[in-house]
Q: 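Pasting in a structure now, in structure tokens, and then I'll have a few things to ask.
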There are 2 protein chains.
Amino acid sequence: MARPRNFDPDIVVEVAMRAFWEHGYAGASFDKLVDDTGASRHGIYQEFGDKTGLLLSTLLHYEQTVLHKLTLELRGEKAALPEIRQFFQRVAKVARYDTEGAGCFMCNSHIEMEAEPQIREYTESFFQRLQRLFRRCLSQAQAQGELEPEKNITALSHYLVGLVRGISVNARSNPSAKAYDAYIEVALSVLK
Amino acid sequence: MARPRNFDPDIVVEVAMRAFWEHGYAGASFDKLVDDTGASRHGIYQEFGDKTGLLLSTLLHYEQTVLHKLTLELRGEKAALPEIRQFFQRVAKVARYDTEGAGCFMCNSHIEMEAEPQIREYTESFFQRLQRLFRRCLSQAQAQGELEPEKNITALSHYLVGLVRGISVNARSNPSAKAYDAYIEVALSVLK
DNA sequence: TTAATTCCAGAACATTCGTTCTTTAACCAT
DNA sequence: ATGGTTAAAGAACGAATGTTCTGGAATTAA
């Protein structure tokens with residue numbers, strides 16, 4: 001009865017995610033998003049409300065795809081230290097090498113959009129969930145004898161969340177590969 | 001013979017530094033800088049060239065004042081581990097508590113202005129100098145028996161530079177004071 | 001074929017930004 | 001006191017941005 005849409009919202013989200021990730025929220029203009037996604041301005045507004053709404057959708061997509069993959073083993077029943085280390089190796093790779101130094105999209109948005117309550121609420125909840133996930137793994141590590149029982153796993157879990165953000169910002173800081181890799185390795189040595 | 005200037009360039013730099021630090025380069029508009037500094041638009045352009053030139057001047061000022069104070073003992077002849085720890089305690093305090101979570105101005109600018117060669121050249125050189133300073137202290141620490149001789153002090157120094165950026169971004173991420181302090185403490189535990 | 005509906009393309013709008021220009025005012029050597 | 005020089009104040013400009021609006025096109029039920 002009516003003219004059908006000429007674009008795929010899933011593609012819009014995927015393409016917009018890459019744009020926001022690479023250039024930041026402010027650096028990805030609406031005009032360029034229209035060009036890159038192949039959708040119409042009107043269509044994007046109808047589907048996502050406004051630019052912030054589109055960003056939120058891309059962040060959800062980022063968690064459900066990129067982060068979901070990175071945390072796969074971390075979410076396993078018996079996950080402990082090896083799974084944590086594997087997670088960080090993957091994060092380090094994605095943040096710097098797979099994206100040419102774009103960092104972590106969640107971390108980037110968390111900083112750039114701190115003034116936007118809608119985004120901030122979501123990113124903060126994500127990092128809180130991540131912290132609890134780390135703590136669970138650390139607890140398992142203690143139960144399995146991988147980690148000394150006197151270690152403060154709550155403090156350690158907060159540290160690991162901070163490390164994710166640290167890795168992201170360092171990936172974006174264009175240090176030498178040597179400096180970056182050394183940073184990661186030393187940072188993870190606290191889990192020994 | 002000519003009308004004298006009605007503003008103090010030193011005050012302009014100091015005030016602009018606070019504005020850039022708190023709101024970022026893009027977030028501190030020229031109009032607001034004119035208002036806050038009390039200088040004239042014309043005067044600022046004549047003195048600093050353009051907005052980027054003003055930013056560069058504020059970064060130099062930041063290094064000569066804030067950072068100079070933070071690294072005072074670190075630059076001492078016999079500086080070693082205690083001086084490094086003191087430096088990070090100070091950085092952690094400034095980045096979060098003294099500035100209401102504005103982070104480190106050098107780190108912020110390093111990230112936000114990565115596309116501006118003039119700024120990038122300067123911030124990169126700063127972090128390089130900082131890395132060498134750390135390595136010197138770590139070397140002293142080994143000489144004084146504070147640090148095990150088999151430790152890779154080059155890797156450690158790269159880690160410490162990465163940690164400065166990590167502290168900055170975490171200070172801006174509004175974690176709880178508990179989470180932030182835990183992050184700092186665990187991060188520094190690698191120096192034990 | 002027609003009518004109703006929804007879409008697309010892009011013009012238009014309102015804002016904001018960094019920068020430049022114009023006008024007026026302030027100073028001082030003479 | 002005055003002419004020459006430079007600063008101040010802010011209007012003006014051009015570019016860019018997110019958002020809205022307009023005119024025409026595509027689709028389908030009748």
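Just so it is clear: chains get the letters A, B, ... in the order the sequence lines come, proteins before strands, and each one is counted from 1. Everything quoted here is computed from the prediction, not taken from an experiment.
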Q: Roughly, in whole Å, what's the span from CZ in B:Phe48 to P in C:dT19?
A: 14 Å
Q: Nearest heavy atom decides the nucleotide; on that basis, is B:Pro4 or B:Thr52 closer to the 5' end of DNA chain C?
A: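 Mapping each residue to its closest nucleotide by heavy atoms, the 5'-most match is B:Thr52.
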Q: Taking the side chain as every heavy atom from C-beta outward, state whether B:Met106 and B:Phe127 have any atom pair closer than 4.5 Å.
A: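 With C-beta onward as the side chain, the pair touches.
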Q: Can you check whether B:Leu156's main-chain N or O pairs, donor with acceptor, with B:Arg135's side chain at less than 3.5 Å?
A: no
Q: Within less than 4.0 Å of OP1 or OP2 of D:dT6, is there a side-chain N or O belonging to B:Gln46?
A: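 For B:Gln46, the contact criterion (side-chain N or O under 4.0 Å from OP1 or OP2 of D:dT6) is not met.
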Q: Any idea which of C:dC8, D:dG18, C:dT6 is nearest the A:Ala2 side chain?
A: C:dT6
Q: Answer with base, sugar-phosphate or nothing: what part of the nucleic acid does A:Phe7 contact at a heavy-atom distance below 4.0 Å?
A: sugar-phosphate
Q: Of A:His42 and A:Ala28, whose nearest nucleotide on DNA chain D comes first from the 5' end?
A: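 Its nearest nucleotide being more 5', the pick is A:Ala28.
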Q: Distance-only, no hydrogens or angles: does the B:Glu146 side chain make a donor-acceptor pair with backbone N or O of B:Leu81 under 3.5 Å?
A: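 Here the side-chain-to-backbone pair exists.
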Q: How many whole angstroms separate atom CZ of A:Arg41 from atom C1' of C:dA9?
A: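 One finds 9 Å between C1' of C:dA9 and CZ of A:Arg41, rounded.
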Q: What I want to check is whether an N or O donor and acceptor connect the side chain of B:Arg3 with the base of C:dC27 at under 3.5 Å.
A: no
Q: Atom CZ of B:Arg75 and atom CG of B:Leu70: how far apart are they, to the nearest 0.5 Å?
A: 10.0 Å
